[in-house]
Structures are given as structure tokens and as C-alpha cells.
Asker: 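Just passing along the structure, written as C-alpha cells.
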Amino acid sequence: MGDAVDFDKKKAHSHRHAGRKAEKKKAKVKHEQDLTARQRNPKAYAFKSAAKGQKQFLRTQDFKAKKHHIPVVDRTPLEPPPVIVSIVGGPKSGKSTLLRCLVKNYTRQKLSDIQGPVTVVVGKKRRVTFIEVNNDVNCMIDIAKVSDIVLMLIDATFGIEMEIFEFLEICRAHGTPRVMGILNHLDMMKDNKALKRKKKILKHRFQVELYPGAKLFYLSGIVHGEYLKKEVQNLGRFIMVMKFRPLTWRISHPYVLVDRYEDITNLENIRTNPKCDRDVVLYGYVRGVPFQKSQMVHIPGCGDFRMKNITFLPDPCPLPEHLKKRSLNAKERLLFAPMSGVGGVLYDKDAVYIDLGGSHHGVRKQKEEWVDRDEDVLQPLLELQKTADEKQAESKIQIFSHSDFISNAAVSNNKDRDTEDEDEQEKSQSDEADDSSNHRGSRREMPEYESVTDSSGVRRRRVIFADNLEEDDKFDDDDDDDDDDDDDSETDGSDGDDDDLNEEEEGEEEHDLAPPKKKMKKVSVKRVKEEINESESDDDYDVDGDLQELLCSGGKQVDESLKDESAKENTKPLTVQRTQTLKKNKDSDVTVMIQGILENLKTHPIKKGQRTSDNDGVVLEKKGQPESTDTSIEQKITSEIKSESDTESSEDEEEREDDKDGMLYRTDMFQEATDNYYKNQAGVSFLRKYIYGDLKEDESSSESEDESVGGLFRKTSSQTKKKSGLLSKRALMDDTDTTRYIPHVMRDWNVKELQNSIKDCFVTGEWKEGENAETLLKMDDEDEDLYGDFEDLETGEKFKSAKKEDSQKEVDEEKAPEVKKEEMSAKEKRLEKKRKLKAMFDAEYDENGNEDYFESLKKDLNEQAELNRKEFEGLDDETRVQYEGFRSGMYVRMEFERFPCEFITNFDPSYPVIVGGLLENENNNGFIRVRIKVHRWYPKILKNRDPLILSLGWRRIQSLMYYAKREDNFRMRSLKYARKYLHVEAMFWGPVTPVNTGFIAFQNITDRVPEFRIAANGVVLEADQSTKIVKKLKLLGTPEKILKKTAFIKDMFHSETEVAKFEGAQIQTQSGIRGIIKKSRGLEGVFRATFEDVIKKSDVIILKTWAPVEVAPHSFCVRTLLLPPSEKAAWQGMKTVAQVKQDKGIKFEANPDSLYTPITKRSKYTKLPLKIPRNLQKDLPYQLKPKFKADGKKADRVVVVKDPDELKMDAFMARLKTMMNDKMEREQQEKLLRQKKFKESLRDRERMRKVRARREKSEACRKLSKRKGGKNLNVV
Amino acid sequence: MEVGGVLVYEGSNFFRQRLTLATLSGKTVKIKNIRTRGEEPGLNEYEANFIRLLDKICNGSHIEVNETGTSVLYKPGVLLGGRIEHTCSNKRGIGYYLEPVFMLAPFCKTPVNITLTGVTNNKMDPSVDMLRSSLLPVVKNFLVVDEGLSLKMVRRGLPPLGEGVVNLTCPVRRTLKSFQWVESGKIKRIRGVAYSSRVAPIVANRMLDEAKKVFSNYLTDVYFYVDNCKGKSPGFGLCVVAETNKGSFMSAESMSGSPNEDKDVKLPEDVGQEAAWRLLEEIYRGGCVDSTCQPLVLLYMVLTAKDVSKIVLGPLTPHSMHFLRHLRDFFKVTFKIEQHVDNSLRISDDDAAEELKIGSNKLLLTCVGTGYTNISKGQI
């Protein structure tokens, strides 16, 4: 065959390299060059060995996994708060200059003196708050907790300062923000070379401290007091684009960096007592998670507070609204720095302030001068603590020299006693309680008024009087809610329903009583009515009212009233008083009317009121029905409360009051109530109102549903005169507590209709459109159609897609005409289908099982984030705040009560004020177990129980640290010192903090210490209410009596009970004989114990136990913000024991037993000869008997005394020997020389031999080659 | 209302809610005027018993009851968990104690293994059968992984003597997962337990026959277990559970008084029918969880991370309404309550859009979690 092939062999085809064909071909394969080698030749990259492939795969997976971060839900709002950029650096490193330059760079404004935070709009989507950090550790700690970006200024001429290292360490403990190093003062360097070297060194050091590749900026120098424009611009750009990862603490806590504060304390209070507690308002942007109303907060350096109020304000420094342009215009480059006096407009809760800047300063100075001048005149007046009236009231006179002093109050009291014997004590209490009431007391002589000043009645009564307008107003403002309550309750009382229509009727009702001339009077009427009701009902309500009012009036009286609430429960005398007061006030028609009613009431105690109310109800019904059918239905709908009160709680109460007819009537109603139960439940806004009471409604449309109470229910509601929410509270006060809900009336489920009403709840019922098998089948068909289209799409684009649309439409039209009714346009439908299709495709190809855990987790979290964002998007801020809280990015105003006055007097804008929100359970204190490590650079050792200043969470506290070591059996064994270079566990008493929160510890925070100040750092492991640290305790005892292996041990315990606690415990003697405690024996703690062997009387019995170490519950909040500026950085708080001893000159008296004594050398042990007693010797066999031997001492050598001849000989011999030695040496050397020479000659000969051999060899080769006949080569 | 950092309440009602929420939130709570006007003023035996149980679960809590027992001051400590044994009061069922334990269990320091002794089934409280069938699946949803979660009825005990034994184990979590539960699904099966103690075994069969009759209108997959136990006290009852295809459970139960002592002894047929009807009522109410679970679900929703959770519920029970109010007091969380509108209407071929017949209107409750973390759970 081979031949045949050879025969058929034709000339191979040669490709064309030029010409048209070649060009065409070239054009065709052009793209091959674009492919990678791997694509062009995939086989070359295939695995050749499985092991290698596996390794490679593992490697890539490792790299992938390293890149992963634990995904977190992104909770940043649409409009994020300004980024906090803090500028840190040692003293004189150019912080202020940099801040000025940056602000100028962004806003084109030149600020001369910057204090506190400065907020600047830097870009279309970013605002920045700059803040300069001074070198106080406290300040650095606080800033590290909130800043997002840190600009770290390093003086190149000096190098990296200790402050920088400390700051980095602090950052590490609290979550590292982005850090940018800035090398400054580069122009101070001598020459270029030195500069380069310095740069290199510092950069290296910086990256070692942070992370490889950390960015270091260079500011080359100052021109006209500013840095180079270009450099600042670059830095600014970096700040603008920087991204940061959310830090755990900050995404779980809300916080505010305060940029403005206000003191809203009553000036009068400050004047009378300059050190009174202040009411302070703080402003700032919310960051982190949303703030809740009345949340507990911690202000680092100040303490824990509960927010009294929080409201959001319009943003003082908003982002530009339109985002069309590329850059911001001058108007949009806003600047807000209230502490430095810039910011232009300030928005308060109810006012707008415009700061006029410079002009103020001058004015202030002038004023001061003026004050100085007139000081002498005004000062006594200004310092008046009490008014003349008060002084007069307090003044006492003595009529006779031996009599008591008589005061004004006493006199008036006497009067009281004459007029009415009541509540004198209370009055005096009230007098003491507040000055204002005292005022009134002295002004008016109406003792019965004052008698109930602090109880619930007084405020209401004041409303009745027309001359007390002011107070009325005040009252109205104070408890608006209360008013509302009253309104509701009133309507509940009269008709139990208050939609618009009913409100009109209510008006009518009031017309009956008296024409409502003013609003004031209307209110008063209501109040009186309420009183009436109150007098009818039992007094539970009164207590409620008390508490409410207490809330309004403030905390002072609260405690008292809580204590003596029982005293207040007697309301009957109150009503009596009321009628009396009414009698006295006859200046208005209203009161006359009321008086009439009251008198009526007196005569017909309860019945009357009910009947009138009944009538009202009937009237209402009559009017309500013709209005519309809807309303009548609504009236029939009974609220949940009613059904509740009907059926369960207030049943008995009603029974008491109602007659038989009422009972009959009630059963009907009851039936109706249960029937309509669900319908009523559906009223969502009703529910909202019922549950949350005072919640702000976002929709007022369904108002009518709220007042679904029909006129029928007047009686029930007349008893309960509170708003629905509170009403039920009373009704259910002592109800049975069960979650199980058993409907009051069992409906008859044999009825077909009822059965049908739930038939679609079962799989056998109808399904929704999307889930219906029929539609699903249809969907499948459609999908197939679509799939065909899909394939078509790939080839012909436009035409096919159009066709698809058409077909789509057709499908829509023929199949689902209802869809059109739903107004779902064809386009939407198509989009929906496309989405579904894509999902199907994805399911099949992309994520078919190879979606790893990480990806799916990320997807879930993204979905959650999306939902979070979407959920409350449409709502207005007022409503949204209720559900979400004050979300981050809002500018809020936080009101605080009872702030220490030092906060105001010692305020220093260079110290940041941070309001850090605390979570619910972080307010309590407990024992915190931590893992702690002494910092490597800290020069001292940390002793157990020494106070440490900790920065933990938001707080800075001083606490006593107890170190312990966790042993293998999880026992925490107390340590005397924290060990260096090792993590140890520790416990201290402090605020409960979530696990894994980092903290940092200092021994002193004083300024200007040469060494590294951070003593230790660590992490929280656990919070508990008890400690587990133990230390070893050995109890010693001595045997009292020994009976074989049993012994009675004394001196170990003091009492029988002590022994009882240790029954069964192991003991041992010092020689290691083990035993067990059996039982106490009589008194004095003697006990019986058994041992494994007989012990001796002289033995010491040891019981090894573990005694718990008591951790002192001491924790003190570091309040540096309240200190005057000079002491801020010098606070120490508790001293260590060593320091105290040193200060007081106490020296430690050592226990002489534990002192080291000089070691005295023991004499060497010498063996004594064995002595065998003579008796014994006798008995011994001969062999063992000691033998008497003659002393076998060696003869001493005789000293040889040489005569002169012999000496001579010796000397001669010695000489000979020397000569001999010399000769030998010489010979040796000669021998060596000879050998050397010989070796040399040998080498020569060898060389010669080699030369000869080579020559011969070359000769031979030449001959050989000659013989071969090749070219003749010369061999050299 | 809050006075000086102490929440003050009045009356004995919602006693458990208040103490449980106080424990979780770490807030001190004071309850006064407990049955001041009742014939037996002050705390009841079972309430005192509950306080004792709480004290066992917690470490460092401080409870002050005044002399008359009409006022309680409770300062919570740290939730400890671990192995606990407790004898409950026979006045209330174990369900009374079990519900708060469920609320607290995931936030303890160590996994809870609690053994409760007492009355397992009574008329007032949700029985252990009911809790196991309806509460347990709900807890699972929040714990993500349900390893170590179990509720075992070791022995059944009926009132008045009780002596039933229940064992609950629950793992601990640092945080709960927020989740949305909008679809309740369709009921695919109905299961139940007919239990009887010290009565003729036929009683159980009579009950379940009656119940089956009711359900046969809707489903065929109806199956009941019969538990004829030897308890201390006589009695019988039926607990029925409906399971949907989306994993939600509805349960209801009915029980007769003990034949010898109680006045309201019912016929087994009546009990069966009542239980079935109650379940239908529960189905009518609907929602993703039944009315017994409402408080627990709401609490867990509040205790999740700072994310949005949603749930569809049937009409709220009075208890859960008050629970919502208490949640606001303790955790400052306000729920957004809306009418749940199912946007996809059923579309049939013959007539226009027609609503599905799924009982009462449903509510959609939405809240943002508080970002609660388990403070007590430590690290080694």
C-alpha cells in the first residue's frame, strides 16, 4: 500500500500568501489575534495531573475566600448623614491650617477661627463634617468612636508622635475608620536627599502600623499661610470619593455628633441658683441606626441621660436638589458651623435664627462694659433670690419675747382651720414643694383651693375659674392628650360615638347646658362633666389620672404620690369640695349651669345621669339612621372593647347597675357584637388607635370607623370615661391572663354559608390566579410560545420582536379580558413575562446548584435591604418617624432635662459632644467578663484590683479590674498581675455591653506623659450578674485524736455549719495521705475524717478549696466634659493602692515569715562509722561481726634532702634535657622543610608528566587525524 | 407609664407579658393594685409560681412583693437558662408557663433544657399539644436552624391533680433573623390528638368521629391520634391542627371537665364538634399564625435586627393587642398595621374578579426590629 500511496502522492496545496484570496482569508481569521492563548488553544491548558489540578483549584478558592467579608445589610438611607472627617495630629502639626484650607477648598470661604464641627457640602451626593481633634486622650477616644475618615497629620521634621500611635490603637479597639496619613512640614527639610529618605522611612513605618499600601499624602509647604492649592484639592478629591465599610458598633447604635447646643433653662432659675441643673437642647445629624423617642443615651464625658424629647428639623446644610449639573454652584456649596459662628441660618423647633456674625461681637463687649459700670447699682438687685412677697410671706415676728415666732403661713393656716378643717398638712407640703404655689397661696385666700394642690383635682378646678386664664392656657398646653381623652370619654359618655355628625350633637348637648362662648368655657364644661362622671364611678380611674398628671408635672412629686396613693383614693370628699368651690364662683353662666347640675346630682345620685345619657343615645340613633345606611351599620358595629367589657370584665359591674330589662337588652347586643366582631376588627385605623392611642394618623378618611360605638352603648361607656385605649385597660385590670382566644359565641358551622366562607382556605378550594393549576398550564403554553420567539430573536431582531409583541397582544386579548379591566397594560404584562422568563432561564443555567452559600446570603441581605428602603418610602416624615425612629441623616433637636450646669459653664468647643444611643439592655450594670492584654508598649505592670479607665462602647468609665486565668477545666483562677504578652481574662463591674465589643484601658489620662498611655486592650466576652473568679484557699487543721485510720480534726473550722458545707470533701496530710471529711462532731468545728492510712499526731491536715473572689461593684463614669479646661486632661479619679500608700507615706509591713533570710551554708555531710551495739555484735555470725583490723595506713614518703653534688647533677641533667629538647625541635623543623620540598618536587614532576602526556596525546591525535585524511588543524 | 425609669402598671392582667418583656428589655417594672378590690387580693398562687420560675431562669434578678401581695417590683437580671426543673401550679396549665419560657429561651446564656411538671391540658390555657403544634414551627422560623429545639410531653396530666411532665429544649441565639411571612398558604392536612384519661377508651373515638365529620366537608386528609393515658385525674379532650402548604399551622382544642368533679361535663361528641368548630373559627380568622402564637411572633419580630419584618395575621386577639401596646412601652416599637390586600385576585373564566372565600379580613403588621442582641450569651 505504501507504494501505492507514494505513487498517488500529489503536490501539496500551498496557501496563498498574497492576492485577493489571501486577503479575504486574513480578514476572516483576524479575530484570532484577539483571543487569549487559552482560548486559542484550550487543550494546552487542560489539566495534565489530577493532583496538580486539585491544588490549583484549592489555591484559587483560597484566594476567593480571603476576599470575602461577612455580608451585612446595607442600611444607609437615601440621603446619608455627612461623613465625619477628623483631623488628628500632634501639637503644632498643622491641623488648623489644614482644616482652614480644606474648608476653603470646598466652599471658597475663608474661616479664620474654626471651633467645633464644620459641615460642608462637598459634592452632589456627599456632605462632610470636619472636626479637629486636640491632643487630649479623652477627645481622641470620643472622636475615634464616630469618625469615618481620619486625616492623620505627621510632622516630617519630627517623625511620628506618640499621639498618633495612641490614636491608631484607640481606633483599632473601636473599629478602624479610614485613615489617611498626611506628611507635613516637608519644606523644613535640609535638602532633597534627606527629604526623600525621610519620606521613605515614614511611609514604611506608617504602612507597618496600618496596612500595606496605606495612603500617605505629602504637603510640601506653606505659601502665604496656606498649603499649596493643588495638594489640598487632591486631598479634597480623595475625601470626596472615599468609601467605608460599616462598623459593627455603629450599625447597631444611633449617635449624633453635636454641632450646636442651647441652654433653655429658665433664666430666673439660673439667676436664683447659678448651679441649678440645666435644660439643654443639642442639635446634630443622626448617624448609625435610627433614634427612638425617649431613648436612653450616653454622652461620653457627661453621663447617661434619657431624652426628654426629640424632633427633626429641616436640614441646615442640605444636599443640592437637582443633580443635573456636573459640579456644584456657589449657592449649593453650603457651610454649617454653628460653634464657630458660621452657618447663617439656624432652624429651631419653632423659629429661624439668622446669625449676623461679626456685628454681634462688638455689641457684646459694649454691653459688658456697661454692666461693669452699673454693677454696683444692679448687683444687689440681680442677686435677689426671692421676691419681696416671698420674703414677706416667710418673715416671722415675735410678739412676746418668750413666745414662738409667728409666720405668715401659720396665720393663714389658722384661718383655714376656722373655715374648713381640712388637709392642712398637704397644704404646707405643697407650700414647700413649689414656690409658685406658695405665691398663689399668699395672694389668694381660698384655702380649699390649696388643699388639693398636689392631688388630681386642682388643675381641673382652675379651669372653671375665668380669672385664671393664664393657668388654663398653660394647662391646656400641658396636657393636650388629656384633653383629647376627655373629649373622647365625654363623647363616649354621652353617645359613645363621635364622628362629625355626633360632634354636632355634642355641641347641641352643650347648648342645653350653656352657650359655649369661648373655647375655654367649653373645656370647662367638659371638665365638670367629667368630674361628675368621676364622682359616680369607682376610684380606679383617679389613680390613673394621678399618674398621668404626675407625668405632666414632673418627676419630683412622683415618688411622693406613688407612696401615698392610697391616701388619695378617697374621692368622695373631693366631690364635696368641688361643689363648694363652684358655689363661690358665680361670675359666669356656665358655672351657674354646672352648679345646677351638680345640685341635681346630689339629689339624684346615679340614676339621673344615666337616664339623661340614655336619652342622648336615643336621640343620636334617631338622627343617625336617616343620615345614611352606612352610618347606621357602623353604629351597629361594636368595638372590641365593648365586646370585651360586655362579656368578660365589666359584666358584673353592669349587672350591679342594670335592671332586668337591661339584661335582656344586653343579650341581644351581645349577640350582635359577636356577629360583627370580625367586621369591626377589620377597621384598621380603629385598631391603630385602639392599640397605640395617641398615634398620629396618616389618613383621616376612616375616622368614622374609629367611633363605631353605637348610641346603644352609652351605659357601658359612661362608666369608663377614658379614651378607648385607656378604657380597656381599666376594664381588664384584673382579668385572667391567657393567650388563648376562645370566641365568646360559638358560631354554628353547620350553616352552609358559614362553611362556604372559608372554603378557599383549603387546598380543595379555589386558588389564586397565579397558583391556579389551570392558569399555570396556560402559562406554560405561553412560555413555550415565548421560547420559540426567543429563539427567533437571536437571528432576526426587530421583526421578530414586533411579531412577538403582536402575538402577546393576541394572547392577552383572547385569554384574559379581565386583565384589561385591571388596567394592566400590555406593556407591563410583557415586562412581567420577560422577567419571569429571565428568572426561568437563570434558574436553569446560571445558578443551577453552583450558587454558593456566600452568594445566596448576599442575595438575601440585598433583598432585605431593598425591603427596608422600600417599606416606608412613601410615608411622610412625621409618620415614618413613628415606625422607624429618627433615621440617620435627619437633623434632630434633642431636649434634655437636668443636665449638670458644668456642661454649660465649662463648655469647650474643641471637645466633641457625642450623643450615643444605648440599646434597651445596655442601661443596666453587671459584671463584665473580658479578654484583656497588656499593651506591648506599656511600661508598667497591671496589678489586680487596680483602677483602670476603660473606654467601652460609648462610655468611658473607671472600674476595678480583676484578672484571672482560665484553666483547663474552665475554672477562672485569680491572678495577681495581668501577664505581659498574653491574653488573660478579667472581670469588672460596668455597663452591660454586647459581646465582641472592643475596649481600651488607661491607667492615667493625664497629658504630657512621656510614655505610651494605653495600658491594655481587649474584648468583651460575657455579661453576668455574678462572678466566677476564684482563688486557692488552703484550710489547715490538726488531728485531735487518732483512732487507727479515723481521726478527729480540729482547728480547721469554727462551727458545725461550716463543717456541714464541706462534708465529703477531700483532705490530705502534708505527707500525702489522703482522706475525706465525714461528719462534724459536736462543737467548735471538730470533725471526723477517715484516711487511707494512719496519720500522726504531728501531721497537718490540709483542705484545698477555691474561694470566690469578690469583685467590688465600682464603676464611675469619667466626666471630663464637665471639668474646667485646666482639669480636663488631668483627671485621675481613683488612685491605685500603691499611689495612696505613697502619698500617705504608708510602708508595707512584710510578714517576717515571708521574708527572705540569708542562706546559711550547711556543714558537709560526713558519714559516721557504723556502730553496732555490743549485744548485737555478740549475736552476729562471725562473718558479719566487725573485725578489728590493724590500721592499714600507708607509710609517708620520706623527704629527700639533696646534697650539693646531687643538686649539681640535677642541674646538669636539666641542662642536658633542655639541649635535647632544643635539638629535637630543630630536627622537627628541618624535617618539615624537607617534606615540603619533597612535595614540591613531586608536584613539579607530576606537572611535567602531564605536559608530556598531553603532548603525546596531541601527537597521537594528529597522527590519527592525518591518517583519517581530514583537514589538518594546528594544535597549539 | 414610666416613672423615674420604672415602668408602672396596674392590675394583675398581662402579668406574664409585663415580666417577660421587662426581663428581655432589662427594664425595671412595677405592678401595683393587683386585685385590690377582688375577694382574694394580691398575687395568686400561680403568679407567685411564675415569679419563681422566672427567678430560676434568671440570675441576679430582684423581686420585691409587698406584704399584701398587691404590688410587685421586678428588676430583671441576666437570663441564665440551662437545666431547670420546675413544678407549676395546678391552677393553671403548663401552657401558661411555657409561653413566656418560649419567649425567653432563645436569649439565655446557655441552651435551655427545662422540665415542667403540672397540668398539661386545661380549659383556660393553650395546652401543650397546641403549643407544640402551632408555636414550635413559628420559633423555628426565627432561629434559622432548629437544632436542639424540642417540646416533649413526657406524661399527660389533667386538672385538678396534674402531674404531667413536659420537657422543652431550646438553643440560644445571639440575634434573630428578620423575615417576612405574607403567605399563609392553603390548608393541606388536618391532624389531631384525642386524649382521654381515666375514662373509657371509646370516648376518644367518639370525639374524633364527630370532628372528622365536620372536616369531611373540606378535606380528606384528616387524621387523628388517640392517646389513652393513665393520669391522676380523669378527663378527655381533642386538639386539632391544620397545616398549610406554606408551613403555617392553626390549632384549636376543646376539652371536657373531669367527669367526676366538674359541673360542665360534656358529651364526647360535643367536645369533638366544639374542637372542630373552633378550628374552623381559627381558620376563618386566618393569618400566618394562629391566635395563640400572635404574641410570640410579634415579640420575635421586634427582637430581630434593625430590619423590616412583616406578617399577615387574622384579627388580633385582645391579648395580642395589649401585647403590642406593651411592646411599645418596653421596646419603643410601633407596628404599622394595615389591611392586608391580596393583590392577585382570583380570576375565573366565566365571571369577573371574585374574591376568594378565605374568612375574615387579614391584617398586615410591619415593624422594624430593635436590633436586639442576646446580651447574656457569652464567649469562651
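Chain A is the first sequence line, chain B the second, and so forth, proteins listed ahead of strands; every chain is numbered from 1.
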Asker: Would you say the side chains of B:Glu10 and B:Asn33 form a donor-acceptor pair under 3.5 Å?
Answerer: yes
Asker: By a 4.5 Å heavy-atom criterion (distance strictly below it), what part of B:Tyr46 contacts chain A: side chain, backbone, both, or neither?
Answerer: neither
Asker: Using a 4.5 angstrom heavy-atom cutoff, name the option from B:Leu280, B:Ile283, B:Thr370, B:Thr292 with the most pairs to chain A.
Answerer: B:Leu280
Asker: B:Met130, B:Lys109, B:Met124, B:Arg189: which one forms the most heavy-atom pairs within less than 4.5 Å of chain A?
Answerer: B:Lys109
Asker: Consider only side-chain N and O atoms of A:Glu920 and B:Ser25, and report whether a donor and an acceptor are under 3.5 Å apart.
Answerer: no
Asker: What I'd like to find out is whether the side chain of B:Thr366 reaches to under 4.5 Å of the side chain of B:Val308, using heavy atoms alone.
Answerer: yes
Asker: Between chain A and each of B:Lys188, B:Lys336, B:Gln180, B:Lys310, count heavy-atom pairs under 4.5 Å; write down the option with the most.
Answerer: B:Lys336
Asker: Does a side-chain heavy-atom distance below 4.5 Å link A:Pro254 with A:Val289?
Answerer: yes
Asker: Quick check for you: among B:Ala252, B:Pro126, B:Ser61, B:Ala242, which has the greatest number of heavy-atom pairs under 4.5 Å with chain A?
Answerer: B:Pro126
Asker: With a 4.5 angstrom heavy-atom cut-off, could you sort out which part of A:Asn996 is near chain B: side chain, backbone, both or neither?
Answerer: side chain
Asker: Output the option from A:Gln292, A:Arg75, A:Glu884 having the highest count of non-hydrogen pairs under 4.5 Å with chain B.
Answerer: A:Arg75
Asker: Please determine, by modelled atom types, if B:Glu282 and B:Ser291 share a side-chain donor-acceptor pair under 3.5 angstrom.
Answerer: yes
Asker: Under 3.5 Å, is there a donor-acceptor pair between the B:Ser376 and B:Asn374 side chains?
Answerer: yes
Asker: Parallel under 30°, tilted from 30 to 60°, perpendicular over 60°: which one fits the rings of B:Tyr96 and B:Phe50?
Answerer: perpendicular
Asker: Short question: side chain of A:Asp737, backbone of B:Asn13 - any donor-acceptor pair under 3.5 Å?
Answerer: no
Asker: Of all of A:Cys761, A:Gly926, A:Ser294, A:Pro290, which one pairs up most often with chain B through heavy atoms under 4.5 Å apart?
Answerer: A:Cys761
Asker: Looking at B:Lys362, B:Gln294, B:Glu274, B:Arg92, which one has more heavy-atom pairs under 4.5 Å with chain A than the rest?
Answerer: B:Arg92
Asker: Are the ring centres of B:Tyr9 and B:His326 closer than 6.0 Å?
Answerer: yes
Asker: Would the A:Tyr883 and B:Phe335 ring centres measure less than 6.0 Å apart?
Answerer: no
Asker: With a 4.5 angstrom heavy-atom cut-off, is it the side chain or the backbone of A:Gln755 that approaches chain B, or both, or neither?
Answerer: both
Asker: Tell me, side chain or backbone of A:Ser1026 under 4.5 Å from chain B's heavy atoms, or both, or neither?
Answerer: both
Asker: Heavy-atom cut-off 4.5 Å, strictly under: side chain, backbone, both or neither for B:Gln273 against chain A?
Answerer: side chain
Asker: Just by modelled atom types, is the B:Leu363 backbone N or O under 3.5 Å from a matching donor or acceptor in the B:Glu338 side chain?
Answerer: no
Asker: Name the option with the most non-hydrogen atom pairs under 4.5 Å to chain A; the candidates are B:Cys367, B:Pro76, B:Ser178.
Answerer: B:Ser178
Asker: Measure distances from A:Asp1024 to the heavy atoms of chain B and classify the residue's part below 4.5 Å as side chain, backbone, both or neither.
Answerer: both
Asker: Of the backbone (N, CA, C, O) and the side chain (C-beta and beyond), which part of B:Glu47 lies under 4.5 Å from a heavy atom of chain A, both, or neither?
Answerer: neither
Asker: Tell me, for B:Ile380 versus chain A, whether the close heavy atoms (under 4.5 Å) come from the side chain, the backbone, both or neither.
Answerer: both
Asker: Which region of B:Val214, side chain (C-beta onward) or backbone (N, CA, C, O), has a non-hydrogen atom less than 4.5 Å from a non-hydrogen atom of chain A, or is it both or neither?
Answerer: neither
Asker: Using heavy-atom distances under 4.5 Å, tell me whether B:Asn217 contacts chain A through its side chain, its backbone, both, or neither.
Answerer: side chain
Asker: Identify which part of A:Gln864 has an atom lying under 4.5 Å from any heavy atom of chain B, answering side chain, backbone, both or neither.
Answerer: side chain
Asker: Determine whether the side chains of A:Gln882 and B:Thr334 contain a donor N or O and an acceptor N or O closer than 3.5 Å.
Answerer: no
Asker: Any side-chain to backbone donor/acceptor pair from B:Thr70 onto B:Thr36? Under 3.5 Å, distance only.
Answerer: no
Asker: Using heavy-atom distances under 4.5 Å, tell me whether B:Pro295 contacts chain A through its side chain, its backbone, both, or neither.
Answerer: side chain
Asker: Where on B:Asn245 is there a heavy atom nearer than 4.5 Å to chain A: the side chain, the backbone, both, or neither?
Answerer: side chain
Asker: May I ask you to name which of A:Asp748, A:Val1019, A:Ile251, A:Thr736 has the most heavy-atom pairs under 4.5 Å with chain B?
Answerer: A:Asp748
Asker: Need one label for A:Thr993: side chain, backbone, both or neither, based on atoms under 4.5 Å from any heavy atom in chain B.
Answerer: backbone
Asker: So, B:Gln17 versus B:His319: side-chain donor-acceptor pair below 3.5 Å or not?
Answerer: yes
